[in-house]
Amino acid sequence: MHLNRRTLIAASLSITFALAPLTSGFAASPAPAKGEHGMVVTAQHLASEVGVEVLKKGGNAVDAAVAVGYALAVVYPNAGNIGGGGFMTIRFKDGKSTFLDFRERAPLAATKTMYLDKDGNPVKGASLDGYLAVGVPGSVAGLEMAREKYGKLSRQDLMAPAIGYARDGFILNQGDAVSFAGSADRLAKDPAAAAIFLKPDGKPYGTGERLIQPDLAASLAAISEKGPDAFYKGAIADAVVKASGAKGGILAKSDFEQYAVRELKPVTCTYRGYEITSSPPPSSGGVIICEILNVLEGYPLSYLGAGSAETVHVMVEAMRYAYVDRNSALGDPDFVDNPVSKLLDKAYAKDIRDKIDPFRAGVSKDLMPKGFGESKETTHYSIIDDDGNAVAVTYTLNGSFGAGVVADGTGMLLNNEMDDFTQKPGVPNLYGLVQGEANAIQPKKTPLSSMSPTVVAKDGKPFMVIGSPGGSRIITITLEAILNVIDHGMNIQEAIDAPRIHHQWLPDKVYVEPFGLSPDTEKLLAGMGYHLDLADQTWGQAAGILVGGKSLAEIEKGGGARYNGAIDSRAASGEALGY
Ligand code: GLY
């Protein structure tokens with residue numbers, strides 16, 4: 001039996017008082033969705049249905065991921081996209097794995113100081129709003145490479161549902177309407193974006209209303225018919241380059257023509273006997289999750305308990321050290337020599353543990369390397385098929401609705417991924433990340449990401465598929481879901497729903513979700529020297545799958561559902577759908 005603090009307490013109480021096992025701590029989470037043949041978990045219910053239909057038609061998990069990627073571009077336009085980029089981690093049924101990097105690249109005309117004024121200070125909004133913020137999009141090339149190399153179905157089959165939803169429209173539910181309303185002011189600034197996402201009276205579409213996107217339908221139909229060339233070499237690229245030139249951007253046709261997907265070796269590590277497969281640079285995600293896990297492996301987290309002051313202490317210290325590495329040492333592997341083997345070394349993790357004071361908070365400024373962000377609106381989906389192929393995709397426009405601009409006639413929102421670069425070493429970006437030279441802007445370079453599409457395996461078989469949006473917090477969101485399942489015995493839904501903490505080195509604060517810690521735990525941590533930032537809002541929208549049962553306990557007992565899916569209760573319109 002897997003022993004953690006919950007089962008130990010339950011066992012001792014049932015011996016003493018003959019009580020049933022404790023369940024109250026996480027009883028508020030709904031039950032995970034169940035499936036015997038496949039599972040699709042996305043942030044928009046229509047996209048989940050598209051994925052399941054593809055699996056039922058005989059497509060594999062990669063086919064479903066491609067169809068979902070296009071569908072989200074239509075039904076979840078705040079983050080789903082063809083004008084942005086992302087990552088796909090694939091673990092095949094034979095245990096092999098691969099990683100597709102279709103993230104944006106800096107335009108050829110980009111320069112290191114392009115967002116600084118004449119005094120060398122960042123110009124507010126320049127890397128976030130409008131065409132200067134746009135990186136060369138990669139989603140269309142990435143989804144097509146995935147389909148061609150690893151899928152079974154035709155591009156036309158996989159794109160048809162997205163084209164249908166764009167052409168005929170879809171009815172917004174409450175969650176969809178909230179995200180549109182939140183960005184209405186921003187979308188109103190670009191006439192082409194406003195014409196799509198706002199009604200003729202200038203108001204956003206509301207619950208129960210139908211959003212039709214004919215220009216996007218035409219762009220998708222052209223890609224479906226002619227392939228990525230319709231995007232990178234044809235009318236879509238021409239329209240974006242024309243709009244960019246007219247409105248202060250630097251995108252050129254050659255940026256589109258030269259775009260190439262990279263197929264990379266995923267980052268792998270082990271944690272208490274589980275094998276983690278996740279994103280390599282240009283993401284920091286996999287490396288930093290593994291670095292933190294390696295440090296935490298030396299502490300008895302199960303015994304210390306979820307949310308206890310001792311557990312939070314060691315988690316925060318591990319995060320502090322790992323985020324220094326993230327923000328100072330990592331960057332695009334074509335430009336930077338990333339110290340990945342050092343950061344993944346268990347001996348390096350032990351060195352970090354040796355420096356952690358068991359009773360006191362560390363001090364971030366003491367860790368400042370010599371010489372020395374990202375957005376909350378990204379989306380993650382997790383898919384597994386009947387053969388056990390597991391696919392984790394995180395892709396993004398960066399900010400909600402990206403740069404907030406649409407080139408006339410394309411129907412496609414463009415990203416503001418350039419903000420993920422270091423604008424100026426040492427100066428925090430919009431999301432408070434203080435980054436260094438390794439992530440400085442250069443032509444064709446990819447900005448460092450935190451996106452962490454992750455597959456966990458046990459004994460050679462898929463165990464968990466997980467990831468989330470959340471900017472710099474993606475790493476800790478994904479990490480905590482893994483810890484909650486493996487160390488704290490939570491089921492997959494509880495693990496995702498549980499309140500989160502986050503630390504990213506600078507600013508030197510522990511961010512805590514509402515009700516994340518009890519008042520006496522907060523007091524203990526403050527007494528150790530921690531500065532707690534008790535947030536009034538939650539963050540992240542994880543999407544996860546657990547294989548063989550909804551929790552470790554159920555897996556060990558046997559008899560659980562084969563696939564157990566959970567969409568974050570923080571996600572307003574998502575769905576975990578099994579079949
Ligand atoms: N823009 C979010 C990320 O790549 O981490």
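Given the structure is predicted, the values throughout are model-derived calculations rather than measurements. In listed order, ligands and their atoms are each counted from 1. Below, all heavy atoms of this structure are taken into account, side chains as well, without hydrogens, waters or symmetry copies.
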Original post:
Should you measure from each heavy atom of E417, which atoms of ligand 1 turn up under 4.0 Å away?
Top reply: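 Reading through ligand 1 atom by atom, the close ones are 1 (N), 2 (C), 4 (O).
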Subject >> Per-atom contacts, ligand 1 versus R103 - under 4.0 Å to a heavy atom >> reply: 3 (C), 4 (O)
**OP:** Please name the residue in the list K444, K445, R262 that meets the salt bridge (Lys or Arg N to Asp or Glu O under 4.0 Å) test with D334.
**Re:** R262
Subject >> Close N or O approach (D420, ligand 1; < 3.5 Å) >> reply: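 N/O-N/O distance below 3.5 Å exists for this pair.
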**OP:** Could you say whether the N/O atoms of T378 and ligand 1 ever approach to under 3.5 Å?
**Re:**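 No.
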Original post:
Would you say the side-chain atoms of Y381 pair up with the backbone N or O of A65, donor to acceptor, closer than 3.5 Å?
Top reply: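 Yes, because the side chain of Y381 sits within donor-acceptor range (under 3.5 Å) of the backbone of A65.
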**OP:** Go through Y115 and M418 one step at a time and tell me if the side-chain contact (heavy atoms from CB on, under 4.5 Å) criterion holds.
**Re:** CA-CA 10 Å; Y115 299 115; M418 292 295 284; 3.1 Å; yes
Original post:
Are any of the side-chain nitrogens in K149 or E263 under 4.0 Å away from the carboxylate oxygens of its partner?
Top reply: yes
